[in-house]
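Worksheet: one structure, shown below.
Excluded from the calculations below are hydrogen atoms, water molecules and symmetry mates; all remaining heavy atoms, backbone and side chain alike, are included. Protein chains get the first letters and strands the later ones, always in sequence-line order, with residue 1 at the start of each.
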2 protein chains.
Amino acid sequence: MILDSETKAVELPEDHGDELRLWLRLLTCTTLIEGEVRGRLRERFDVTLPRFDLMAQLDKVPDGMTLSDVSKRMMVSNGNVTGLVERLVESGHLDRRTSDTDRRVQVIRLTKAGRAEFRRMAAEHQIWIADIFSDLSPKDVRDLMRLLAKTKGSAQKSAQKRALQA
Amino acid sequence: MILDSETKAVELPEDHGDELRLWLRLLTCTTLIEGEVRGRLRERFDVTLPRFDLMAQLDKVPDGMTLSDVSKRMMVSNGNVTGLVERLVESGHLDRRTSDTDRRVQVIRLTKAGRAEFRRMAAEHQIWIADIFSDLSPKDVRDLMRLLAKTKGSAQKSAQKRALQA
DNA sequence: GCCAATTGCTTGAAGCCTAAAGAAATGCAA
DNA sequence: TTGCATTTCTTTAGGCTTCAAGCAATTGGC
C-alpha cells in the first residue's frame, strides 16, 4: 500500500522512535553533566546547584533583578525562587529590598561578598565544563550549538501551541 | 606574544566560553522539554514525570528489576527510588517482592493494571516528543544523536577521572 | 474616583531528591 | 567457622520543586 503525504490525515501510526531516542539521549547527557557539576560544587565549595545558578543570573546584572525576572530566566516557579532567595539572603550572599516605584516588587542583588564568592566558584566551574566537553572538537561544539538552537525553537513552538489550546 | 602548544603547561587562561555556552544551551533545551512533558503528563494523566520514568524502565523488562538496577538506570539515588516505589506500590501500579535467593534484594514489576496504564500514557507521550522535535530534519536528528553520544562519552570520561582522584 | 483584572510575590501541601548513616544479608578469606 | 568488607535497601535531615490558592499593589477602563 502506497500513500502520499496528503494521506497523513488518516492518522497512520507513524514511526516516532527516533525522536524519542533522541530525547532520552539528550536527557541522559544533561542528567550526567548536571550530577557531575552538582557533586563538584558540593565538595569544592559546599554550595548547591540551584544557589549557584541563581547567583549566576545575578552576576550578569550590577543593579539586581526582580524575583519574577529570576524566575523566568531560571525557568522555575515563583515559589521556588522565594525560598532560594530567602536562604541566600540569610547566608549573606544576597541583598534584598522592595522597589521604590512598585511595592509588590522585590529587587535582589549579590552582596559584595556574594559576588566575590560567586566569581571564585565560576572560574573553576568554567574549567570543569571545558573538561567535561573536552572530547568535542570546535566544529562539534559549533554544530551542537546550532542543532540545539533549532531544537529549542522547535520545542518552544510546540509549547506555545499547547498553551494556546488551554 | 606567540606561544606554541607546548607552552600550555604554564596554565594560561584559555578561552572556555564556548563550552560554557554550549552547556547552558543544552540545559535550557532539556529544562524546556522536561517542563513541557511534565505539564502534559500532569494535565492529561495526572501522573508525575518521575513516576512515568520509573514505569518506563519497568516496561522494558517482563520479570522486573531490583531497586539498585532502577536506581542506576534512572541515575538517581537509592533513597529516592525507595520512596517512588513505595507510592507506586500504594497506587497499585507496581508489585514488589523480596528475592528468593537474596533477602536484601527487592524485585519490582509493573502490575497488569500498571502496565496497561503505562502503555496508554507512553503512546501519547511519544507523539508529544515527536511534535516537540518536529522542526528537526531526519539528518538533524541523526547528527544530534551522534554529537550527543560523543558528549556523553566525554562527560563520562571526565566523571571517571574525578571519581578516581577522590 | 471606582472597580475589575492583572501582576508580583508568598504560603502550604505534596512530592522529589541527595548525602550520609544505619540495618540486614551476603560473601570471602583466614 | 569467625570476622570483616561489601552489597542492598531504608531512614533521616535538609533542601529543592511544583501547583494552587491567596494576599497586596498596581493598572486600565469607565
Side-chain angles (χ1 to χ4, degrees), chain A residues 27 30-32 34-55 64-91 93-94 96-108 166, chain B residues 30-32 34-55 64-91 93-94 96-108 163 166:
Chain A
L27 187 55
T30 301
T31 306
L32 192 60
E34 209 172 69
E36 186 62 18
V37 171
R38 183 196 314 281
R40 296 200 196 202
L41 281 174
R42 175 181 199 75
E43 71 181 31
R44 187 79 181 81
F45 299 112
D46 195 32
V47 74
T48 66
L49 188 49
R51 275 159 154 91
F52 179 82
D53 286 344
L54 175 40
M55 292 172 82
M65 317 172 55
T66 70
L67 293 206
S68 288
D69 287 343
V70 173
S71 166
K72 270 171 214 135
R73 282 178 172 280
M74 292 182 72
M75 296 193 282
V76 299
S77 66
N78 276 345
N80 190 358
V81 173
T82 296
L84 264 176
V85 165
E86 212 163 68
R87 286 181 287 268
L88 279 167
V89 167
E90 175 67 25
S91 65
H93 293 89
L94 260 55
R96 159 197 219 136
R97 60 188 175 70
T98 302
S99 163
D100 298 329
T101 58
D102 185 337
R103 274 181 299 170
R104 287 170 306 179
V105 174
Q106 300 286 313
V107 179
I108 53 173
Chain B
T30 301
T31 306
L32 192 60
E34 208 173 69
E36 186 63 18
V37 171
R38 182 195 314 281
R40 296 200 197 201
L41 281 174
R42 174 182 199 75
E43 72 181 31
R44 188 78 181 78
F45 300 110
D46 194 31
V47 73
T48 66
L49 187 48
R51 276 159 154 92
F52 179 82
D53 286 344
L54 176 40
M55 293 173 82
M65 317 172 55
T66 70
L67 293 205
S68 288
D69 287 343
V70 173
S71 165
K72 272 169 212 136
R73 282 179 173 281
M74 292 181 73
M75 295 193 282
V76 299
S77 66
N78 276 344
N80 189 1
V81 173
T82 295
L84 265 176
V85 166
E86 213 163 68
R87 285 180 288 269
L88 279 168
V89 168
E90 174 67 26
S91 65
H93 293 88
L94 259 54
R96 158 197 219 138
R97 59 186 175 75
T98 302
S99 164
D100 297 328
T101 58
D102 186 337
R103 275 183 299 170
R104 288 169 306 180
V105 174
Q106 300 286 313
V107 179
I108 53 173

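- Rounded to the nearest 0.5 Å, atoms CG (A:Leu32) and CG (A:Leu27) are 11.0 Å apart.
- Contacts classified as side-chain hydrogen bond (donor to acceptor under 3.5 Å, both in side chains) and involving residues 64-75 of chain A (residues at least two apart or in different chains) are given here: A:Thr66-A:Asp69, A:Ser71-A:Asn78.
- What separates CD of A:Glu34 from P of C:dC17 is a distance of 11 Å, to the nearest Å.
- A distance of 7.0 Å separates CE of A:Met74 from CG of A:Asn80, quoted to the nearest 0.5 Å.
- Axis deviation across the helix from C:dG1-D:dC30 to C:dA30-D:dT1 amounts to 10°, comparing end segments of five pairs, rounded to 10 degrees.
- With hydrogens and angles disregarded, a donor-acceptor distance shorter than 3.5 Å links the side chain of A:Ser91 to the backbone of A:Leu88.
- What separates CE of B:Met75 from P of C:dT18 is a distance of 11 Å, to the nearest Å.
- In this structure, the CE atom of B:Met74 is 7 Å from the P atom of C:dC17, given to the nearest Å.
- Considering CZ of B:Arg87 and NE2 of B:His93, their distance stands at 13.5 Å, rounded to 0.5 Å.
- Between atom CG of residue B:Leu67 and atom CZ of residue B:Arg104 there is a gap of 13.0 Å, rounded to the nearest 0.5 Å.
- Of all nucleotides in DNA chain D having an atom under 4.0 Å from a heavy atom of chain A, the first and last in 5' to 3' order are D:dG15 to D:dT26.
- Across the protein-nucleic acid pair, B:Phe52 atom CZ and C:dC16 atom C1' stand 17 Å apart, rounded to whole Å.
- Side-chain polar atoms of B:Thr98 and B:Gln106 form a donor-acceptor pair below 3.5 angstrom.
- For the side-chain hydrogen bond (donor to acceptor under 3.5 Å, both in side chains) condition, no pair includes a residue of residues 46-55 of chain B, sequence neighbours left out.
- Taken to the nearest 0.5 Å, the CE atom of A:Met55 stands 11.0 Å off from the CD1 atom of A:Ile108.
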With the sugar-phosphate defined as primed atoms, P, OP1 and OP2, and the base as all remaining atoms, what B/S/- string results for nucleotides 1-12 of chain C, 5' to 3', for protein heavy atoms under 4.0 Å?
------BSBBB-
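- For the pair B:Thr48 and A:Arg42, nearest-nucleotide mapping onto DNA chain C gives the more 5' position to B:Thr48.
- Listed by chain and number, the residues in a side chain to side chain donor-acceptor pair (under 3.5 Å) with B:Ser77 amount to none (sequence neighbours excluded).
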